[in-house]
Amino acid sequence: MSVKITMIGTGYVGLVTGACFAEIGHQVICVDKDAKKIEKLHQGVMPIYEPGLDELVMRNVKNGRLTFSTDVQASTKGRDAIFLCVGTPPHPETGAADLKYVYAAVEEVASGLDGFAVIVTKSTVPVGTNRRVFEIASKHANSKDFVAVASNPEFLREGAAITDFMEPDRVVVGVENDRASMLMRAIYEPIVTASIPFLQTSIESAEVIKYAANGFLAIKLSFINEVSDLCEAVGANVSDVAKGIGLDKRIGLPFLHVGPGWGGSCFPKDSMALYKTAQDFGVTMRLIESAIVANDERKLCMADRIKQYCGGSLQGKRIAVLGLTFKGQTDDMRESPSLVIIPQLQREGATVCAFDPSYPEGIDEMLPGVSVSKTPEDFCTNADALVIMTDWREFRSYDYKHFAESMKNKLAIDLRNLLDEKSMIAAGFEAYHRLGE
Ligand code: UDX
């Protein structure tokens with residue numbers, strides 16, 4: 001059954017999900033207030049970097065199942081489901097999710113409804129928000145019978161979002177209205193199978209599932225990063241330890257790769273929002289608080305580690321940083337460890353040069369004083385150290401012999417354990433350091 005769907009917001013979540021909904025046979029309108037973004041989409045220019053997204057969008061624009069608009073109300077009339085995919089940025093002081101965009105979208109959508117529709121919150125929102133969405137929508141809709149709500153959290157990783165949509169581990173839907181439940185099942189029917197369950201639950205449970213999932217993953221990452229420090233102290237190998245524990249099915253191998261700290265648009269925001277929600281309800285949640293603190297401290301520890309490897313001082317040193325984004329295969333700089341580590345290196349007197357394959361938009365404003373090259377060839381000329389900051393797959397095939405020849409001091413510090421000592425020494429580096437070994 002083809003469902004008429006409208007996506008409000010064409011960012012990482014809204015555009016990918018809308019294009020995937022069209023791909024599985026639904027009629028989709030993606031709406032955004034940013035006319036420039038919609039104009040670019042009409043020209044086939046993607047507003048975000050996501051592998052495979054351009055082909056997916058263009059294929060579904062061509063087959064007529066995907067269209068774009070800036071007009072919210074015109075795009076909600078006669079629709080079966082409206083997905084809210086607007087931003088919920090953390091409040092700068094409190095860290096709590098700012099819901100002004102969600103509530104503004106609800107008012108505009110509800111007042112445009114001319115029949116029954118389910119308003120689905122895809123954006124990550126604090127527990128209780130969907131109840132509030134229902135109250136606001138019911139108040140602004142021409143009839144109370146027009147509105148039902150559902151919580152349908154996303155589990156998309158940037159750089160793997162299309163795969164994560166098409167082959168999810170599960171579909172989670174918090175819904176209590178039968179008609180809305182049937183619609184949500186129809187929407188996901190093309191991807192739900194025996195191995196991809198459709199988990200229907202209460203609205204609050206679906207809201208908690210999203211935060212608890214990201215919170216647990218953040219704790220798992222902070223845990224392996226701390227185990228990495230212990231491995232260094234006792235002479236163990238964190239890669240072997242990660243494999244040794246990850247082969248236990250109760251733990252699992254994914255998300256046990258050591259790094260300079262976790263970032264992105266979700267883990268930092270969602271872990272803080274989870275902690276704030278617990279506080280608001282008078283519930284103590286120490287583990288997520290500790291994971292956040294450990295992660296923040298780790299980034300500064302990485303800067304100190306670079307200083308130690310450079311002989312205890314960065315004064316007058318030139319540090320070449322390979323990778324700036326919060327992880328490989330994305331152009332997203334949100335909460336990237338580089339935004340903490342590089343300024344610390346500069347404060348210690350270092351000059352920093354860098355290269356990132358995505359050449360993130362606005363990078364000069366985000367990292368003032370850093371000379372960011374557009375190509376990797378000569379970015380580390382005369383450098384005293386090469387720091388691998390991000391796990392871009394293509395870094396594995398770079399010409400490290402050329403890098404070593406161009407550097408003043410043949411020192412490499414791999415904060416992602418991406419490369420290996422044997423090949424780096426063979427390439428001409430005199431010292432190559434990894435984490436947790
Ligand atoms: C995350 C969740 O994975 C996804 O389910 C949710 O919908 C959105 O948030 P994303 O933020 O795109 O996705 O990044 P992810 O791939 O999860 O990585 C998060 C951070 O953890 C990155 O900084 C990454 O570098 C780091 N990471 C991840 C590690 O340091 N080690 C790992 O083994 C995995």
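Indexing begins at 1, ligand by ligand and atom by atom, following the structure's order.
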Backbone, side chain, both or neither: what part of Leu256 comes under 4.0 angstrom of ligand 1, heavy atoms only? backbone

So is Gly264 touching ligand 1 or not, going by heavy atoms under 4.0 Å? no

For ligand 1, the portion of Leu221 having any non-hydrogen atom under 4.0 Å away: side chain

Shortest heavy-atom approach to atom 2 (C) of ligand 1 - which of Phe267, Trp262, Phe155, Phe255: Phe267

Give the residue and atom name of whichever protein heavy atom lies nearest to atom 4 (C) of ligand 1, and the separation in Å to one decimal. Leu156 O, 3.5 Å

Sidechain-backbone polar pair: Ser271 side chain, Ile292 backbone, donor-acceptor under 3.5 Å: no

Approximate separation, where rounding is to 0.5 Å, of Glu421 CD and His433 NE2: 8.5 Å

Which value, rounded to the nearest 0.5 Å, describes the distance between Ile203 atom CD1 and Arg131 atom CZ? 4.5 Å

Atom 33 (O) of ligand 1: the protein heavy-atom neighbour that sits closest, reported with distance to 0.1 Å: His257 N, 3.1 Å

For Asn60, run the side-chain hydrogen bond (donor to acceptor under 3.5 Å, both in side chains) check against His26, Glu55, Glu23 and tell me which one passes. Glu23

Number the atoms of ligand 1 from 1 as they appear, then name those within less than 4.0 Å of a heavy atom of Glu158, with their elements. 12 (O)

Say you draw a straight line from NZ of Lys4 to OG1 of Thr76; how long is it, rounded to the nearest 0.5 Å? 14.0 Å

Is it true that, when you exclude Gln308 itself, more than 12 heavy atoms of the residues, nucleotides or ligands shown sit nearer than 6.0 Å to its CD? yes

Heavy atom under 4.0 Å from ligand 1: found in Lys210's side chain, backbone, both, or neither? side chain

Tell me which protein heavy atom sits closest to atom 3 (O) of ligand 1, plus the residue, atom name and distance to 0.1 Å. Arg157 CG, 3.2 Å

Please list the nearest protein heavy atom to atom 25 (O) of ligand 1 with its residue and the distance rounded to 0.1 Å. Arg416 NH1, 2.8 Å

Electrostatic pair Asp34:Lys40 at N-O distance under 4.0 angstrom: no

In ligand 1, which numbered atoms sit nearer than 4.0 Å to a non-hydrogen atom of Lys327? 10 (P), 12 (O), 14 (O), 15 (P), 16 (O), 24 (C), 25 (O)

